Novice: 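Mind having a look at this structure? Questions to follow.
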2 protein chains.
Amino acid sequence: MFKKILVSEDIDSISFGLVSILQKNYPSEIRTTKYCDDALLKIKAALHEGKPYDLLITDLSFKDDYRDVKLSSGEELIEAAKSEQPGLKIIVYSIDDKPYRIKNLFDKHKINAFVAKGRDSSTEIIEAMDIVHDTDTIYTSPQLSHIARDMAILEIDEDDIILLKYLSDGRTQPEISELLKNAGKASSSTSSIEKRINKLKIYFKANNAIHLISTVKDMGII
Amino acid sequence: MFKKILVSEDIDSISFGLVSILQKNYPSEIRTTKYCDDALLKIKAALHEGKPYDLLITDLSFKDDYRDVKLSSGEELIEAAKSEQPGLKIIVYSIDDKPYRIKNLFDKHKINAFVAKGRDSSTEIIEAMDIVHDTDTIYTSPQLSHIARDMAILEIDEDDIILLKYLSDGRTQPEISELLKNAGKASSSTSSIEKRINKLKIYFKANNAIHLISTVKDMGII
DNA sequence: CATTAGTTTACGGAAACCCGTAAGGCTATC
DNA sequence: GATAGCCTTACGGGTTTCCGTAAACTAATG
């Protein structure tokens, strides 16, 4: 059983509800933070005291407000936390159920579970905690199981993402070519860019570039 | 003070947290639902019994799942609820802080308050409830006050929205022209469509159509 | 009815995008 | 080092979009 849990979630009602759910099920020590920076500080401090957290439950998106923050997203917090305390188990609790982001979380950030905010998230959180604690198996909410399938065929890379972002920023293809050349990227000719866009249009079944950007934005890829 | 409150929110942890906050402050009768359809049924039933709800607190977006639903969004629930019980006070509690949607909620759906899910939403909910109960003033979360300003200059109409949706669906301008003609819309020539797109590009400071669609999607207009 | 103002449509050239084909370059293998 | 396969780049012509200008239409006014 987890002894010391940190909850990182900015929306007060969610944080409140989440803590209630946890307390109802486990006699753990639970701390909450509303900012990623604070979460990292707490993790560091606990590590220093020799009483480290053994589980981090975090959201992905945090609202901007008046405060200047170093870590502005769950991804950044996870990366920072892992480099401080590599063994820390991490459960992401988020509304964002876009295949690409979830895939990234498991592949790059080595999170242990992804629980989607939803009608049954309280039971899923508990399930996830049990599995993550006892085994090295990863956990995802049942309704996201289809994503495992999507993930397999999701073969778009960093460069694709960059290109899509340039397009969505209103750059023309010659402009993008220049930008990529200056960034020292390979295959930066207008021709290659055309080809890449074409590949993406086929992949996402888009009629034209506008449709493509619309689609990838809906999917949360950019 | 509100005597009978209905909370319509699909994510269990939020619903749980919200109810705790309400109970801590008011001795009201509180019911919760995870589906808009159920919320409407509860409102109808209470009305029939002669013990109607006097406040509805609802989210805007609800997750799809296995259940077939008639009302799939908060907007639809609000419209249905208002037609059943015009006097019902409504507070929207949502993460979606896009000017256009909020403007619509106040203008078309005559909601009484909009509280943004955030770090201080528990106090804001209480504030909103006090104001909405005692007066006919509308309430919005303080951090959204800038939206009142944005709202004033937000002069895009239904036809603009339709056009933007067609564009984001990958239609060409001649195709859109045909579609609008068939729908019996005025100013449906390719020329007029060009002109309208151009107006929108200027308005949203977009370099090209891709950029335009990207921008309006970010703003939650479509 | 003539004039004016505002809106819608038409048109044409320039720019950007789309799409197929082909040439050039790199690597691996025999 | 010749060959084949793969990736990148180049090029050309067709389509779509972009943008300015002008014509046609509508409605209101004197």
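Lettering follows sequence order; numbering is per chain, from 1. None of these values were measured; they are calculated from a predicted model. All values below were derived from every heavy atom in this structure, side-chain atoms included, with hydrogens, water molecules and symmetry-related copies excluded.
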Novice: Looking just at side-chain N and O atoms, do B:Thr190 and B:Gln173 make a donor-acceptor pair shorter than 3.5 Å?
Specialist: no
Novice: Rounded to whole Å, please give me the gap between NZ in A:Lys185 and P in D:dC7.
Specialist: 18 Å
Novice: Give a yes-or-no answer on whether the side chains of B:Tyr93 and B:Thr58 include a donor-acceptor pair shorter than 3.5 Å.
Specialist: no
Novice: Taking B:Ser15 for its side chain and B:Ile11 for its backbone only, find out whether a donor-acceptor pair lies under 3.5 Å.
Specialist: no
Novice: Does this structure show an ion pair linking B:Lys34 with B:Asp59, if we count only N-O contacts that are shorter than 4.0 Å?
Specialist: no
Novice: Examine distances only and state if a side-chain atom of B:Glu79 and a backbone atom of B:Glu75 form a donor-acceptor pair shorter than 3.5 Å.
Specialist: no
Novice: Could you tell me whether A:Arg119 sits above the aromatic face of B:Phe62, with NZ or CZ closer than 6.0 angstrom to the six-membered ring centre and within 45 degrees of the axis?
Specialist: no
Novice: Quick one: pull up CZ in B:Phe114 and CD1 in B:Ile91 and give me the separation to the nearest 0.5 Å.
Specialist: 12.0 Å
Novice: At a heavy-atom distance below 4.0 Å, what parts of residues 168-184 of chain B sit against DNA chain C?
Specialist: none
Novice: Specify the separation, in whole Å, of atom NZ of B:Lys199 and atom P of D:dG20.
Specialist: 17 Å
Novice: Could you tell me the separation between the CD atom of A:Glu194 and the P atom of D:dC7, rounded to a whole number of Å?
Specialist: 18 Å
Novice: Under 4.0 Å, counting only non-hydrogen atoms across every strand here, what does A:Ser187 touch: a base, just sugar-phosphate, or nothing?
Specialist: sugar-phosphate
Novice: Can you tell me the distance, in whole Å, between the CG atom of B:Leu200 and the C1' atom of D:dC19?
Specialist: 16 Å
Novice: Would the distance check show the side chain of B:Gln85 and the main-chain N or O of B:Gly87 forming a donor-acceptor pair, the cut-off being under 3.5 Å?
Specialist: no
Novice: Consider the side chain of A:Ser189, meaning its heavy atoms from C-beta on, and name the nucleotide among D:dC11, D:dA10, D:dC18 that approaches it most closely.
Specialist: D:dA10
Novice: Roughly how many Å is it from CG in A:Asn208 to P in D:dC18, rounded to a whole number?
Specialist: 10 Å
Novice: Could you go through the side-chain contact (heavy atoms from CB on, under 4.5 Å) check for A:Thr33 and A:Leu6 one step at a time?
Specialist: CA-CA 8 Å; A:Thr33 60; A:Leu6 181 60; 4.1 Å; yes
Novice: By the 4.0 Å heavy-atom rule, please label A:Ser188 as base, sugar-phosphate, or nothing.
Specialist: sugar-phosphate
Novice: Across the strands shown, which category fits B:Ser191 at heavy-atom distances under 4.0 angstrom: base, sugar-phosphate, nothing?
Specialist: base
Novice: A:Arg196 has an atom CZ; how far is it from atom P of D:dT9, in whole Å?
Specialist: 10 Å
Novice: What is the first contacted nucleotide of DNA chain C and what is the last, in 5' to 3' order, if contact means an atom lying under 4.0 angstrom from a heavy atom of chain B?
Specialist: C:dT8 to C:dC11
Novice: Whole-Å distance between D:dT17 P and B:Leu167 CG?
Specialist: 8 Å
Novice: So, is B:Lys201 close to the D:dC19 phosphate, meaning a side-chain N or O under 4.0 Å from OP1 or OP2?
Specialist: yes
Novice: Rounded to whole Å, how long is the line connecting atom CD1 of A:Ile193 with atom P of D:dT9?
Specialist: 9 Å
